[in-house]
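All remarks here apply to the structure that follows.
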Amino acid sequence: DPDARTIRLARPLLLDLGGIAKGLAIDLAARTLHPYRDFAIDAGGDLYLSGHNPDEAPWTVGIQHPRRPGALLD
C-alpha cells in the first residue's frame, strides 16, 4: 500500500536485524573516534577505515589467499 507505506507478504518472513545493529555500532564507534585522523574498526569482517595505516600509507584491504599464507587473492 503506497499510501500507508506498508507491504503484505504472501508467506511468513523472518527478519534478522543483527547486521543493522552491527552497522549502527560501527557508525557510533567511528563517530567517537572521529577526532583521531587514522583508525580502523574491524567488527567481525565489517570494516570502517579512516586516514592511513600505521606506516602512513593508504589502507589496503583484501581477502587472504586460502592456500598461500600472507598472500592476498588477485
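Scope of the values below: all heavy atoms of this structure, side chains included, with no hydrogens, waters or symmetry mates. Throughout, numbering of the chain's residues begins at 1 and tracks the sequence.
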>> Please enumerate all residues that pass salt bridge (Lys or Arg N to Asp or Glu O under 4.0 Å) together with Asp38, with sequence neighbours excluded.
In response: none
Which pairs of donor and acceptor atoms, one on a side chain in residues 48-60, lie under 3.5 Å apart (sequence neighbours left out)?
from: Ser50; atom 1: OG; to: Arg37; atom 2: O; distance (Å): 3.0
from: Asn53; atom 1: OD1; to: Asp55; atom 2: N; distance (Å): 2.8
from: Asn53; atom 1: OD1; to: Glu56; atom 2: N; distance (Å): 3.3
from: Asn53; atom 1: OD1; to: Ala57; atom 2: N; distance (Å): 3.1
from: Glu56; atom 1: OE1; to: Arg37; atom 2: NH2; distance (Å): 3.0
from: Trp59; atom 1: NE1; to: Ser50; atom 2: O; distance (Å): 3.1

> Who are the side-chain contact (heavy atoms from CB on, under 4.5 Å) partners of Ile7, not counting sequence neighbours?
Replying inline: Leu9
>> Apply the hydrophobic cluster definition, ILVMFWY joined by side-chain contacts under 4.5 Å directly or through others, and give me every member besides Leu72.
In response: none
> Which residues, ordered by chain and number, are linked to Leu14 in its hydrophobic cluster, where ILVMFWY side chains connect at heavy-atom gaps below 4.5 Å, directly or through other members?
Replying inline: none
>> According to salt bridge (Lys or Arg N to Asp or Glu O under 4.0 Å), does anything in residues 10-19 pair up with another residue at least two apart or in another chain? List the pairs.
In response: none
> Given a cutoff of under 4.5 Å between side-chain heavy atoms of I, L, V, M, F, W and Y, with clusters grown through shared members, what are the other residues clustered with Leu24?
Replying inline: Leu28
> Looking at residues at least two apart in the chain, or sitting in another chain, which of them share a side-chain contact (heavy atoms from CB on, under 4.5 Å) with Leu17?
Replying inline: Ile20
> Under the side chain to side chain donor-acceptor pair (under 3.5 Å) test, which residues partner Asp27, sequence neighbours left out?
Replying inline: none
> Taking only residues two or more places apart in sequence or in another chain, which ones pass side-chain contact (heavy atoms from CB on, under 4.5 Å) with Asp3?
Replying inline: Asp1
> With Leu33, which residues qualify under side-chain contact (heavy atoms from CB on, under 4.5 Å), at least two apart?
Replying inline: Tyr36, Phe39, Ile41
> What pair of heavy atoms forms the shortest contact from Lys22 to Asp46, and how long is it?
Replying inline: CE-OD2, 3.0 Å
>> For residues 63-74, which residue pairs pass the salt bridge (Lys or Arg N to Asp or Glu O under 4.0 Å) check, not counting sequence neighbours?
In response: none
